[in-house]
Amino acid sequence: MSGNAATVLPLKQIDAFVTLQAHVLEEERHFPGATGTLSWIISALSISAKTIAAKLKRARLEDVLGEIGLENVQGEKQQKLDVIANNVLSQVLQGRQGVGVIGSEEDDELLVIDASDAGGTRYAVYFDPLDGSSNLDVGGSVGTIFSIFRCEPGSEQQLGRGRLQVAAGYVLYGSSTIFVLTTGFGVHMFVLDPAVGAFIRVARNLRIPLAGKSYSVNEANIEGFPPGIQRYLAECRQRGYSSRYAGAMVADVHRVLLKGGIFLYPPTTRSPAGKLRLMYEANPMAMILEQAGGMATTGQQPILDVEPDSLHQRVPVILGSPADVQRLMDISAGV
Ligand code: AHM
Ligand code: MG
């Protein structure tokens, strides 16, 4: 594992311009007897990401910024683009064979698409179509986060622990469009080449640095954080850490993945479960972080071991470089 930065391939090593599509087909060898259904679903996420990226670029020109005047089930004001991105993902996924159920941050309930037991593996796909959407009006980074589970006929409504995810990833819409994916065999990164319209692999088997020098948290809430977290942040300041917070989980976690450090959305006195949602924010990010050699915890248990009780359940999130997360845990435990 490298000391200071994750392994990103220099341009000359961008191996034979492997596309996301080719990478996923290549990875099928890890799944003897694979039918290609999961690859087909990842390809649906890829075309959705390209479509959303294109819509984001023209958002100001097409006058689709701002609120739509409605709230989602969680009482959050929906942006026009939240709804547009949700429609793109829902429609593309509903058209793909093998998608049994979808669950979105923007929809009240799970949507069962195919409950047949006619054979063939089916999957549940949970997603946050446009995370960090309060950044939209100011041209800041936003993202899409997704999590995929296998689902059995008759148990489409049953939510599983994050440990059972078969794939997870996110798309960062920033200065470039970046797709980060794991299917349980390392974390791989792709960048959209707008000239050819394909995601090109730029890094294989990303490893998070063992420790970083920055923390990412909404520090305005600090007085409501548990005392252990307050003590940890005070120690970080003493040790010369920087603070980096985009206010969009995808952008903040991507920085932590590449540069090391820690991202937190802890419990506060006002929101004891924090803000972030287990099924489509915390779980997929936790799988990516663990696959990259990092840690992801609620402060009480690994995020991936949390038994879910509802689609929109919230959990505290603490994730990042192993040394940083462990130090926070030790300080919280009074070590
Ligand atoms: P959203 O899914 O409604 O956009 O909210 C989630 C976002 C995360 O991207 C980010 O980490 C967090 O909310 C920021 O919240 P806050 O403004 O409280 O710091
Ligand atoms: Mg979100």
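All values derive from a computational prediction rather than experimental measurement. Atoms within each ligand, like the ligands themselves, are counted from 1 in listed order.
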Check all N, O or S atoms of [X] and name the one closest to the Mg ion (ligand 2).
X      : result
Glu281 : OE2
Asp128 : OD2
Asp131 : OD1

Would you please say whether a donor-acceptor pair under 3.5 Å links the side chains of [X] and [Y]?
X      : Y      : result
Asp324 : Tyr241 : yes
Tyr215 : Ser242 : no
Ser133 : Asp82  : yes
Ser104 : Asn86  : yes
His188 : Arg204 : no
Ser332 : Arg231 : no

Identify the closest protein heavy atom to [atom]: which residue and atom is it, and at what distance?
atom                    : result
atom 15 (O) of ligand 1 : Lys275 NZ, 3.0 Å
atom 6 (C) of ligand 1  : Asp131 OD1, 3.4 Å
atom 18 (O) of ligand 1 : Tyr265 OH, 2.6 Å
atom 3 (O) of ligand 1  : Glu105 OE2, 3.3 Å

Identify whether the distance between the nearest side-chain nitrogen and carboxylate oxygen of Glu290 and Arg163 falls below 4.0 Å.
yes
What atoms of ligand 1 come within less than 4.0 Å of a heavy atom belonging to [X]?
X      : answer
Asn218 : 16 (P), 18 (O), 19 (O)
Asp128 : 2 (O)
Arg277 : 1 (P), 2 (O), 3 (O), 5 (O), 6 (C)
Glu281 : 2 (O), 6 (C)
Ala248 : 9 (O)
Gly247 : 9 (O), 10 (C), 14 (C)

Does any N or O of ligand 1 fall below 3.5 Å from an N or O anywhere on [X], backbone included?
X      : value
Met249 : yes
Gly132 : yes
Tyr245 : yes

More than 12 foreign heavy atoms under 6.0 Å from CD of Gln300: is that the case here?
no
Pair Phe127-Tyr280, ring pair (Phe, Tyr, Trp, His ring centres under 6.0 Å): steps then yes or no:
CA-CA 5 Å; Phe127 53 86; Tyr280 42 79; 8.3 Å; no
Just heavy atoms, cut-off under 4.0 Å: does Asp252 contact ligand 1 by side chain, backbone, both, or neither?
neither
Can Phe263 be reached from Ile222 by stepping across I, L, V, M, F, W or Y side chains whose heavy atoms are under 4.5 Å apart?
no
Show which side-chain atoms of residues 44-57 pair as donor or acceptor with protein atoms under 3.5 Å away, not counting sequence neighbours.
unit_1, atom_1, unit_2, atom_2, d
Ser48, OG, Ala44, O, 2.7
Lys50, NZ, Gly197, O, 2.8
Thr51, OG1, Ile47, O, 2.7

